[in-house]
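Presented below is the structure to which this report refers.
A, B, ... follow the sequence lines: proteins, then strands. Residue 1 opens every chain. Quick note: numbers below take in every heavy atom, side chains included, and nothing from hydrogens, waters or symmetry partners. These numbers were taken from a predicted model, which means no experiment stands behind them.
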2 protein chains.
Amino acid sequence: MTETPAQYLHHHGLRKTLGRELVLTTFLDQSRALSHGELNTLLGDQLNRASLYRVLQSFEESGIVHRVPDDEVSVKYALCSGACSSEQHHDNHVHFKCNHCGETQCLPEVKLPKVKTPDSLKVESAELLLRGYCRHCAA
Amino acid sequence: MTETPAQYLHHHGLRKTLGRELVLTTFLDQSRALSHGELNTLLGDQLNRASLYRVLQSFEESGIVHRVPDDEVSVKYALCSGACSSEQHHDNHVHFKCNHCGETQCLPEVKLPKVKTPDSLKVESAELLLRGYCRHCAA
DNA sequence: ACCTTTATGCAACAGTGTTGCAAATATTAA
DNA sequence: TTAATATTTGCAACACTGTTGCATAAAGGT
Ligand SMILES: [Mn+2]
Ligand SMILES: [Mn+2]
Ligand SMILES: [Zn+2]
Ligand SMILES: [Zn+2]
């Protein structure tokens, strides 16, 4: 990302606000998928809980983050690779979640192969979630 | 499934109870992935809400259902194909969720291709979630 | 039938996600 | 720079999700 967070927001049609800059910077700092709860803990009282939900909504709608399905209590979000807009997301990439530390990361370099599906289904997108042990937690 | 629900429970090391038979029968009737909330609605006051959570836990632990990651508020569960036990689940198959009606179904006949992942990650399982429009909702 | 183990209902609780509204802030137009 | 307007924020209230302790009920083995 060559732009500043403020410019990045502006290019996605969002006003530059303290909350949005905080959330965007946190995603860049952490470089992993984060749930609302994790962000809320990281941000402390710098941003209201409800406002954080609204920041995440606006980010998803404008193509700044995408949702990462999770098998736990709450959904996670991860920064989009860059090509996403409010028109469309292009995040058909693979995610990896560690069974030990619970961290989820995007694997944009892993190609998602096409699978053959029944003709009756009109498939529009695919989400592959790998689970296992990350570099730090491998037994 | 050639066994009765009661036998099926017994073979998975679970006592036959009214709640478990109700939940198992509902999964068989619906043939799709169901969330706790959906089951709770279908069962009405036939089974207490907390007990339903506990039935789902016992089913997951004993290899009767597996969790289907979802990008919405709550997790879904689907019947295992049969080979699963309390030792291990073998549900590395594909799921499909309709963007219109929201129903999720297992696609056991769709082969999940192996993907090449970074050596630093120890991948143990994979979950592919397809999204689009189902037979009934296709535009 | 009795005993032991396990499951259930109920209630209370913590976390997640949504919404209305008034106050604060960002952007645009004087 | 100021004023007008549009958007965002904090706060509070709420509904839903998931967990737990405990007393009672039911299941399975003797
Ligand atoms: Mn991603
Ligand atoms: Mn399945
Ligand atoms: Zn890890
Ligand atoms: Zn549908």
Side-chain angles (χ1 to χ4, degrees), chain A residues 4-26 33-62 64-77 86 102 104, chain B residues 4-26 33-62 64-77 86 102 104:
Chain A
T4 67
Q7 290 173 320
Y8 196 68
L9 292 171
H10 188 254
H11 289 165
H12 282 81
L14 294 178
R15 292 190 175 185
K16 153 186 132 23
T17 70
L18 186 52
R20 286 178 182 153
E21 291 189 283
L22 281 169
V23 175
L24 181 50
T25 307
T26 306
L34 296 165
S35 67
H36 173 275
E38 290 172 308
L39 283 161
N40 194 229
T41 301
L42 288 166
L43 294 175
D45 55 6
Q46 294 176 97
L47 183 63
N48 176 269
R49 200 176 65 90
S51 304
L52 174 53
Y53 275 112
R54 289 185 279 223
V55 165
L56 288 170
Q57 271 177 234
S58 71
F59 277 16
E60 190 188 2
E61 283 165 14
S62 59
I64 293 180
V65 301
H66 57 273
R67 231 166 238 258
V68 183
D70 198 274
D71 55 358
E72 297 197 14
V73 196
S74 73
V75 169
K76 289 189 172 178
Y77 298 86
S86 53
T104 299
Chain B
T4 66
Q7 291 173 319
Y8 196 69
L9 291 172
H10 188 255
H11 290 163
H12 282 81
L14 293 179
R15 292 189 176 184
K16 151 185 136 15
T17 69
L18 186 53
R20 285 179 184 153
E21 290 189 284
L22 282 169
V23 175
L24 181 50
T25 308
T26 306
L34 296 165
S35 67
H36 172 275
E38 291 172 306
L39 283 162
N40 194 227
T41 302
L42 289 166
L43 295 175
D45 55 7
Q46 294 177 97
L47 183 63
N48 176 270
R49 199 176 66 90
S51 303
L52 174 54
Y53 274 114
R54 288 185 279 223
V55 165
L56 289 170
Q57 270 177 234
S58 70
F59 277 16
E60 191 189 2
E61 283 164 13
S62 58
I64 291 179
V65 301
H66 57 272
R67 230 165 240 257
V68 183
D70 198 275
D71 54 359
E72 298 198 10
V73 195
S74 73
V75 169
K76 288 189 172 176
Y77 297 86
S86 53
T104 299

Contacts under 3.5 Å, N or O only, protein and nucleotides 20-23 of chain D:
unit_1  : atom_1 : unit_2   : atom_2 : d
dG21(D) : O6     : Arg54(B) : NH1    : 3.3

* Is Ser51(A) near enough to dG10(D) that one of its side-chain N or O atoms lies under 4.0 angstrom from OP1 or OP2? -> yes
* To do: Provide, to the nearest angstrom, the distance between the CG atom belonging to Asp70(A) and the C1' atom belonging to dT17(D).
  => 15 Å
* Atom CG of Leu47(A) and atom C1' of dT25(C): how far apart are they, to the nearest Å? -> 14 Å
* Asked: Arg67(A) or Arg15(B): which one's nearest nucleotide on DNA chain C is closer to the 5' end?
  -> Arg15(B)
* Take atom CD of Gln7(A) and atom C1' of dT27(C), then tell me their distance rounded to the nearest Å. => 17 Å
* Asked: Starting at CG of Asn48(A) and ending at P of dA24(C), how long is that distance when rounded to a whole Å?
  -> 15 Å
* To do: Quick one: label Leu18(B) by what it contacts on the DNA or RNA (base, sugar-phosphate, nothing), any heavy atom closer than 4.0 Å.
  => nothing
* State, with a plain yes or no, whether a side-chain heavy atom of Leu18(A) is found less than 4.5 Å away from one of Leu47(A). => no
* Heavy-atom distance under 4.5 Å between the side chains of Ile64(A) and Leu14(A), does that happen here? -> yes
* To do: Taking Arg20(B) for its side chain and Arg15(B) for its backbone only, find out whether a donor-acceptor pair lies under 3.5 Å.
  => yes
* Under 3.5 Å, side chain of His36(B) to main-chain N/O of Val75(B), donor-acceptor pair present? -> no
* Report, as yes or no, whether the 6.0 Å neighbourhood of atom NE2 on His10(B) holds more than 12 heavy atoms from other residues, nucleotides or ligands. => no
* With a non-hydrogen cut-off below 4.0 angstrom, is Gly19(B) in contact with a base, only sugar-phosphate, or nothing? -> sugar-phosphate
* Atom-pair distance (CZ on Phe59(A); C1' on dT7(D)), nearest Å -> 15 Å
* What is the distance, rounded to the nearest whole Å, between atom CD of Glu72(B) and atom C1' of dT16(C)? -> 14 Å
* Indicate yes or no: at least one non-hydrogen side-chain atom of Tyr77(A) is less than 4.5 angstrom from one of Arg67(A). => yes
* **Spacing of Lys76(A) atom NZ relative to dT16(C) atom P, expressed in whole Å** => 12 Å
* Given dA7(C), dT8(D), dG9(C), the nucleotide with the shortest approach to the side chain of Arg20(A) -> dT8(D)
* Distance-only donor-acceptor test (3.5 Å): side chain Arg49(A), base dG17(C) -> yes
* Any side-chain N or O of Thr17(A) less than 4.0 Å from the OP1 or OP2 oxygen of dT9(D)? -> yes
* In whole angstrom, give the distance that lies between atom NZ of Lys16(A) and atom C1' of dA6(D). => 16 Å
* Do the side chains of Leu22(A) and Val55(A) get nearer than 4.5 Å, heavy atoms only? -> no
